[in-house]
Amino acid sequence: MISAFASTWKVPELRERILFTLAMIVIIRLGVHVTLPGVDASVISDYLADKQAKGGDQGAGAAVGAMLGFFSGGGLQKMGVFALGIMPYISASIMMQLMTAVVPKLSKLAREDGGREKITQYTRAITIIIALVQGYLLAISLKNPGNIPGLQGIAKFGEVVPNHGVGFIAMTVLTIVTGTLLLMWIGDQITDRGLGNGISLIITVNIISALPGALVITWQTLVSGNAGPGAAAFLVFLVAFLIFVIAATIAITQAQRRIAVQYAKRVMGRKQLGGQTQYLPLKVNYAGVMPIIFATAILSLPTFVLQSAFPTAEWSRKIQDVLAGGGLGYYLVAGVMIFFFSYFWVATMFQPSEISENLKRSGGYIPGVRPGKPTADFLDFTMTRLTFAGAIFLTIIFILPWIVSQMPRGIIGSELPFLVTSFFGGTSLLIIVGVLLDFMRQVETHLLQRNYDGFLRKGKIKGRYDRLQNTGERASSGTMVYLWVFIAIVVVVGVSYWIYNG
């Protein structure tokens with residue numbers, strides 16, 4: 001594996017793609033720290049410093065605030081130009097994906113030549129609409145930022161927006177929408193000229209950006225704080241348990257049921273076609289992270305509605321505490337919803353009748369199963385059982401952060417913050433594992449095409465990039481030089497300004 005990493009710099013095209021991807025990541029992280037016009041950056045800095053000193057968020061609303069901070073890469077808490085992150089585009093993509101599976105006209109359009117490009121244009125138009133609505137709501141909320149999840153208690157450090165008016169709202173909406181569109185463009189550039197799926201990589205980078213803060217909080221809580229004598233042993237256990245969870249997540253993410261498909265022999269002239277056996281892979285976790293995203297989004301919606309409509313009612317606060325992600329009731333309801341959306345996603349996206357017809361037209365059949373409807377019924381039955389196993393896996397992964405947070409109660413007398421436990425499961429771990437596996441598949445494909453060893457000598461990483469050819473253009477050397485020079489200038493100016501005002 002070490003030799004594979006060393007070989008990546010020996011392939012010119014692969015080296016340029018990696019450098020281009022890294023340059024885009026640097027620009028993304030720089031944009032997170034650029035505060036919105038009209039926002040007092042000193043108040044934000046004082047609030048974040050105080051929160052870090054106290055060990056992060058606690059309480060029922062911590063999960064919601066931390067999750068929003070993950071996907072924005074801290075841009076929401078820092079009130080940066082990337083405050084919304086790439087989430088408007090993700091929401092639009094999910095909407096279009098569901099509509100394509102449900103609406104016959106869109107389903108037909110997706111199968112036509114150039115149909116995918118039109119659907120992409122529709123997705124970008126919906127992204128702008130969602131970003132406008134969310135940007136406006138965020139600009140309005142900045143008048144009382146304490147109501148925003150993840151910013152509770154910021155009012156005591158000063159007024160975040162000294163001059164909150166129509167001009168500020170218009171400028172904020174324009175800036176936030178522009179930031180989201182810039183991230184969307186950067187994601188497309190990474191996909192075309194870099195490595196991996198650009199949009200997914202942006203989310204992963206934003207999630208990983210919280211890892212240093214989580215490590216600091218863990219050290220302060222279990223080592224340098226007033227923890228009990230078993231804190232050090234518990235820290236070792238956490239590290240070992242994290243490695244086990246990551247390994248199990250990778251195994252389930254890669255797991256698949258391979259259905260043997262036999263193709264009949266055909267004679268065309270002097271050539272004999274078919275007769276070979278291929279495999280139809282059915283993933284155990286076919287729905288991926290989507291059921292968790294749906295469940296958390298739906299459960300967070302009543303919280304925002306009740307917080308806006310009934311902010312002082314006692315019954316409203318009780319419901320918010322249950323749905324804010326701080327107790328067992330929340331995870332029980334979320335577990336039921338994850339099961340429901342796992343089957344809903346598979347029923348929407350997996351079409352056994354269409355697969356059966358395609359096999360029949362190509363002369364393929366599953367041994368022991370008659371072609372046509374029996375094949376469709378067999379695939380549907382098999383996928384139903386796999387979905388049950390995948391739903392159990394997703395539910396366990398979703399509940400793990402809460403379980404880990406309750407473990408140290410007898411040692412340190414309190415829970416671990418959600419910022420720390422979120423890396424033990426949930427949406428963040430599934431996204432990180434999936435995107436990094438995708439990234440490694442592409443790198444390994446480039447290495448194998450040039451007769452280098454991949455990451456694993458005994459077989460390649462399974463995935464859709466096994467037969468990837470040289471697609472997309474790469475950034476030229478001149479472009480890379482200009483790009484890195486621009487980044488260096490921005491970093492030098494930023495460091496100089498920080499030293500001068502420090």
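The figures that follow rest on heavy atoms only: side chains count, while hydrogens, waters and symmetry mates do not.
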Apply salt bridge (charged side-chain N to carboxylate O under 4.0 Å, His left out) to Lys118 and list each qualifying residue two or more places apart in sequence or on a separate chain.
none
Taking all atoms of both residues into account, what is the closest heavy-atom pair of [X] and [Y], and its distance?
{"X": "Leu437", "Y": "Gln254", "answer": "CD1-OE1, 3.9 Å"}
{"X": "Ser428", "Y": "Ile207", "answer": "CB-CG2, 3.6 Å"}
{"X": "Lys283", "Y": "Met383", "answer": "O-CE, 3.6 Å"}
{"X": "Pro212", "Y": "Ile208", "answer": "CD-O, 3.6 Å"}
{"X": "Gly194", "Y": "Thr21", "answer": "CA-OG1, 3.3 Å"}
{"X": "Leu84", "Y": "Ala131", "answer": "CD1-O, 3.9 Å"}

What's the separation between atom [atom1] in [X] and atom [atom2] in [Y], rounded to the nearest 0.5 Å?
{"X": "Leu386", "Y": "Gln256", "atom1": "CG", "atom2": "CD", "answer": "10.5 Å"}
{"X": "Ile186", "Y": "Leu182", "atom1": "CD1", "atom2": "CG", "answer": "4.0 Å"}
{"X": "Ile86", "Y": "Ile203", "atom1": "CD1", "atom2": "CD1", "answer": "7.5 Å"}
{"X": "Ile199", "Y": "Ile190", "atom1": "CD1", "atom2": "CD1", "answer": "8.0 Å"}

I'd like to know whether [atom1] of [X] has more than 12 heavy-atom contacts from other residues, nucleotides or ligands below 6.0 angstrom.
{"X": "Arg116", "atom1": "CZ", "result": "no"}
{"X": "Tyr136", "atom1": "OH", "result": "no"}
{"X": "Met349", "atom1": "CE", "result": "yes"}

How would you list, by chain and number, every residue that makes a side-chain contact (heavy atoms from CB on, under 4.5 Å) with [X], sequence neighbours excluded?
{"X": "Leu280", "value": "Ile259, Val261, Leu282, Ile355, Leu379"}
{"X": "Val103", "value": "Met99, Lys105, Leu106"}
{"X": "Thr348", "value": "Leu98, Ala101, Val102, Phe344"}
{"X": "Glu112", "value": "Lys108, Leu109"}

Are [X] and [Y] close enough that some pair of their side-chain heavy atoms sits under 4.5 Å apart?
{"X": "Asp438", "Y": "Arg441", "result": "yes"}
{"X": "Leu394", "Y": "Leu430", "result": "yes"}
{"X": "Val435", "Y": "Asn197", "result": "no"}
{"X": "Phe393", "Y": "Thr249", "result": "yes"}
{"X": "Glu117", "Y": "Thr120", "result": "no"}
{"X": "Ile338", "Y": "Ser342", "result": "yes"}
{"X": "Leu181", "Y": "Tyr89", "result": "no"}
{"X": "Thr175", "Y": "Pro37", "result": "yes"}

Just to verify, what does [X] make a ring-ring contact (aromatic ring centres under 6.0 Å, His included) with, not counting sequence neighbours?
{"X": "Phe341", "result": "Phe294"}
{"X": "Phe339", "result": "Phe388"}
{"X": "Phe398", "result": "Tyr331"}
{"X": "Phe168", "result": "His164"}

Can I get a per-line list of side-chain donor-acceptor pairs under 3.5 Å for residues 284-291, giving both atom names and the distance, sequence neighbours left out?
from   : atom 1 : to     : atom 2 : distance (Å)
Asn285 : OD1    : Gly288 : N      : 3.4

Using a 3.5 Å distance criterion without hydrogens, assess whether the side chain of [X] forms a donor-acceptor pair with backbone atoms of [Y].
{"X": "Ser356", "Y": "Ser353", "result": "no"}
{"X": "Ser200", "Y": "Gly196", "result": "no"}
{"X": "Asp380", "Y": "Ala376", "result": "no"}

How would you list, by chain and number, every residue that makes a side-chain hydrogen bond (donor to acceptor under 3.5 Å, both in side chains) with Thr382, sequence neighbours excluded?
none
Which side-chain N or O atoms in residues 122-130 pair as donor and acceptor under 3.5 Å with protein atoms at least two apart or in another chain?
from   : atom 1 : to     : atom 2 : distance (Å)
Thr123 : OG1    : Ile119 : O      : 2.8
Arg124 : NH2    : Asp188 : OD2    : 2.8
Thr127 : OG1    : Thr123 : O      : 2.7

